[in-house]
Amino acid sequence: MAKFYITTTLPYINAEPHLGFALEIVRADALARAHRLAGDEVFFNTGVDEHGLKVWRKARELKMEPQDYCDQLALSFSNLKDLLNLSWDNFIRTTDPHHEAATQEFWRRCAANGDIYKQHYQVKYCVGCEMEKTESELVNGFCPLHPGQELELIDEENYFFRLSRYQNRLLELYNTRADFVLPAARLQEIKSFTLRGLQDFSISRLSSKLPWGVPVPGDSSQVMYVWFDALVNYISALGWPEDSDNFSAWWPGVQIAGKDNLRPQALMWQAMLMSAGLEPSRQIFIDGFITAGGQKMSKSLGNIIGPQELTKYFGIDAVRYYLLAQVNDNDDGDYSPERFKEVYEADLANGLGNLFSRLGNLAWRHNLAPIYPHKDNELYNKVIQLLYNWHFNQAIGEIWSKFRELDKILTQEEPWKMKAEEAQACLKPLIQQLVDASYCLTIFLPQSAAKILDFFSHTAHDKPEPLFPRLNYL
RNA sequence: CGCGGGGUAGAGCAGUUGGCAGCUCGUCAGGCCCAUAACCUGAAGGUCGUCGGUUCGAAUCCGACCCCCGCAACCA
């Protein structure tokens with residue numbers, strides 16, 4: 001029995017969860033379920049990233065203690081488990097004492113390896129934006145949003161991580177493992193970024209300015225930069241460092257992340273692992289973004305969609321279906337209420353829902369004997385293979401092709417015109433196929449699949465309940 | 001000439017090695033009546049971004065150009 005470790009990134013906790021993170025975690029969930037179905041032992045990790053400047057500020061703005069603020073928002077994220085029917089095994093919070101201790105040990109190992117040093121850190125700071133600005137963001141030396149305002153120069157001593165030292169080893173990693181980062185274009189992106197040369201980056205902040213972070217070991221005047229701390233969760237979640245048996249049983253793991261996370265996950269984190277003497281990740285899959293009506297979701301546009309708004313109305317599986325089947329595997333995908341409704345009506349209500357209704361009613365009418373899934377059916381093997389290669393759209397598409405095929409056969413054979421015995425003989429193989437396909441469907445739409453499997457697992461006493469009610473009735 | 005991705009039917013996409021342009025949705029017409037006014041069949045709809053080249057043959061290979069979108073360091 002193989003072991004499979006998958007983890008999402010830890011979403012930063014300065015806002016409520018949105019559809020983009022829902023995409024990431026539903027995909028991770030599908031993959032975790034696929035591996036469990038295939039008999040693998042699975043550890044599925046997620047959680048929240050709670051340190052850093054933005055959380056600190058947000059809490060102050062709300063006149064709350066940072067920890068209280070985090071406790072409150074962490075709940076919104078852990079509630080996703082029920083909201084989206086997720087099967088994670090572990091929910092880690094970066095304020096968890098074990099994680100903080102692990103992060104400090106990780107720091108010590110990088111330091112022992114000579115990769116952490118202290119240096120002056122200079123950066124321009126725009127008071128108008130209240131943000132640090134890089135040279136490339138400036139226009140004529142001024143912030144484009146506040147051109148009348150002089151930039152402040154921040155000059156403080158921080159700890160730096162010797163990223164520059166790992167350029168060649170990272171390139172070797174990218175060159176020898178063609179599927180280390182998927183889709184391939186993302187690997188290319190990070191490769192060419194690395195080829196341009198890597199600079200060391202600062203991994204601490206003055207605790208007098210930002211007290212909300214993990215203390216740097218042996219220097220109480222500094223806290224760790226939030227990235228350094230957050231990335232370590234992927235192994236602290238496994239009990240690293242003290243539970244080395246558990247750690248080596250599961251690591252290296254598979255990571256899934258949004259495209260804004262390419263560099264931290266595929267570059268910084270990998271260099272950090274090398275520095276600490278640990279194996280690189282097994283594979284990293286990069287998601288696109290979900291746009292809303294063609295526009296980027298953003299607070300200023302006020303077009304941020306949360307998963308709960310959709311599940312409340314359409315149900316969990318409708319949202320899971322949209323994310324897994326309708327959002328492009330390798331690119332950005334769009335959400336719009338019109339499109340969502342269209343897909344709901346066409347694929348779910350008129351598609352699977354109606355097919356189940358047709359076959360369910362006929363089974364009930366003819367007192368059909370129970371039918372159980374063949375676990376190792378042809379469709380299953382195809383779906384699992386596609387999924388292992390991160391082809392979510394195609395994998396779920398294969399199942400829907402089967403549903404369409406069954407609708408066609410049913411119309412051609414017209415079992416409702418047959419006598420009882422003949423009808424039973426006609427229906428049995430059709431329902432067997434629906435049941436087999438539903439077994440595969442447990443990966444994607446666990447709730448609906450369970451309803452179908454349950455209905456046919458005994459002789460029906462009643463007509464089937466609608467799986468996906470038409471919108472007029474919602 | 002910074003690096004990369006992309007431009008295929010009204011919409012969203014697929015087209016592995018060049019060989020009759022496909023899928024889903026939507027639209028229109030017909031059929032069916034088991035089913036959630038659902039299902040099935042058929043039709044309309046495309047200069048495959050533009051121009052040139054290679055070839056018996058190009059969405060696919062080559063060249064030039066136009067347009068869109070990422071990335072170009074610490075944004076958590």
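The figures here come from the full heavy-atom set of this structure, side chains too, leaving out hydrogens, waters and symmetry mates.
Nucleotide B/G12 holds its C1' atom 14 Å from the CD atom of A/Glu338, rounded to whole Å.
Spacing between B/C69 and B/A64 at atom P, rounded to whole Å, works out to 23 Å. Using atom P as the reference point in both B/G5 and B/C62, the two lie 13 Å apart (nearest Å). For the C1' atoms, the distance from B/A58 to B/C67 is 23 Å, rounded to whole Å.
Taking only distance into account, the side chain of A/Asn354 meets the base of B/A35 through a donor-acceptor pair shorter than 3.5 Å.
Contact between the side-chain N/O atoms of A/Lys408 and the OP1/OP2 oxygens of B/U41 is found at a separation under 4.0 Å. Listed pair A/Arg263 / B/A72 meets the phosphate criterion, a side-chain N or O lying under 4.0 Å from OP1 or OP2. Applying the 4.0 Å criterion to OP1 and OP2 of B/C33, one finds that A/Lys417 has a side-chain N or O inside that range. Between A/Tyr225 and B/C75 there is a side-chain N or O to OP1 or OP2 distance below 4.0 Å. Residue A/Arg470 places at least one side-chain N or O closer than 4.0 Å to OP1 or OP2 of B/A38. Phosphate proximity of B/A35 to A/Arg365: present, with a side-chain N or O under 4.0 Å from OP1 or OP2.
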In sequence, state the C-alpha distance, the side-chain angles, and the governing distance for A/Asn381 and A/Gln385, and then conclude on side chain to side chain donor-acceptor pair (under 3.5 Å). CA-CA 6 Å; A/Asn381 287 313; A/Gln385 272 319 307; over 6 Å; no
Assess whether side chain to side chain donor-acceptor pair (under 3.5 Å) is satisfied between A/Asn367 and A/Thr459, documenting all intermediate values. CA-CA 6 Å; A/Asn367 277 308; A/Thr459 305; over 6 Å; no
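Heavy atoms of A/Ile203 sit nowhere under 4.0 angstrom from any nucleic acid atom. When heavy atoms are screened at a 4.0 angstrom cut-off, A/Leu355 is found touching no nucleic acid atom at all.
The nearest heavy atom of RNA chain B to A/Asp200 and to A/Ser192 marks one nucleotide each, and the one closer to the 5' end goes with A/Ser192. Along RNA chain B, the nucleotide nearest A/Ala185 and the nucleotide nearest A/Phe468 are compared for position; the residue whose nucleotide lies closer to the 5' end is A/Ala185.
For the residue pair A/Gln265 / A/Thr9, no side-chain donor-acceptor distance below 3.5 Å is found, with atom types taken as modelled.
The aromatic ring centres of A/Phe201 and A/Trp227 sit 6.0 Å or more apart.
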